Every structure is written in C-alpha cells, then in structure tokens.
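Below: the structure, in structure tokens.
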Amino acid sequence: MSTDAITILKDDHKRIKALFQQFEQAGQNATKRKGSLVDRMIEELTVHTYIENECMYPQVRKLVPDLEDDVLESYEEHHVADVLCMELAAMSPDSERFDAKVSVLIENVTHHIDEEEDDWFPKVRKALGRKQLSEIGAEMLELKKKAPRSPAQPSALKKAGDAIIS
Ligand SMILES: [Fe+2]
Ligand SMILES: [Fe+2]
C-alpha cells in the first residue's frame, strides 16, 4: 500500500464521493438507506478531517508557507462540514430538514475536495519530495488508527472548539 500523503487523501475523497453519489441516487423514500449512508459519510469525514487537521495541514503550513492562505481557508471549510456532521448525527433521517442538510454538506465538501485536488495539492506535490510525502502519509496512517469516528467523540469536539477559539 502506498504511503504517499496525497494518494492516501485522494483515496479517502474517492470513497466519500462514492457515498455522496449513492445518496443522491437513493430516491425520495429510501429513508433507512439514506440514514445509513449518512452514518458512513460522517464516519469517513470525521476520520479524514482529523488526519488532515492534525497532520497534513500543519505540515503543509510549515513546509510550504506560500500555501498558508489555502490551508487557513481549508480549516474553515472543515469547520463548516464538522458543524453539519454534528447536526446530522443528531437528526433522524425522516426529519423534514435531513435531505436538505445532506445536500448542503455534499455541496460544501465537494467544493472543498475539488479545491484540494485541483488547486493546492498539486502545488504541495511540486514543493515536497517523494520521501517527505511518504513520511507524512505514514504518519497519517498511524493517526487513522486513533482518529475519532463520530463527531461526538472528545477529540472531534476539541477540534471543532479549536476552530472557534484559536
Ligand atoms: Fe480537507
Ligand atoms: Fe481532503
């Protein structure tokens, strides 16, 4: 398995986008299926934003100072997704607002993923060597093991808090 940081993150993106697509194709009345798809989205997103927030973003900020603004904007986009995930985790799939909230999550996260993949990950790849990217990737794979899997877990809540305070 590759430990290239960008490859790891793009694989996550692929799985997340597949869940988005399944949700969009699930149809009006597939309430139960949509509920379980959203559970999986929340889990994938919680782990993914955790390893980016804790490892990828601080490393990029340190090693590629030119991308500072992109990283800061990305933290804010993660925060918006965190809030939506937290609300969805507490919401029943047959609530009137459920589908609309999921649509907003999908729009926001898709935009964010596109910016990462098209705008600034290529610049990171250019600036960092293969060895550095593989070290960052190995660290992220380690972090995945202890990453929170639901937004209600303390390490996920701390992250949401930090976004407001710091
Ligand atoms: Fe991200
Ligand atoms: Fe990402």
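Order of listing sets the numbers, starting from 1, for every ligand and every atom in it. Bear in mind that the values here come from a model prediction, so they are computed numbers and not experimental data.
Among Asp66, Leu67, Val64, the single residue meeting the side-chain contact (heavy atoms from CB on, under 4.5 Å) criterion with Trp120 is Leu67.
Protein N/O/S atoms closer than 2.8 Å to the Fe ion (ligand 1), listed by chain and residue number, are Glu52 OE1, Tyr57 OH, His78 NE2, His112 NE2, Glu116 OE2.
Under a 3.5 Å cut-off, the side chain of Lys34 and the backbone N or O of Gly27 do form a donor-acceptor pair.
Between Leu141 and Ser2, the shortest heavy-atom contact is CD1-O, 4.5 Å. Residue Leu105 comes nearest to Cys85 through the heavy atom pair CD1-SG, 4.1 Å, listed as atom of the first residue, atom of the second, then distance.
Checking His111 against Glu107 by side-chain atom types alone, no donor-acceptor pair falls below 3.5 Å. A donor-acceptor contact under 3.5 angstrom links the side chains of Asp94 and Ser92, judged on distance only.
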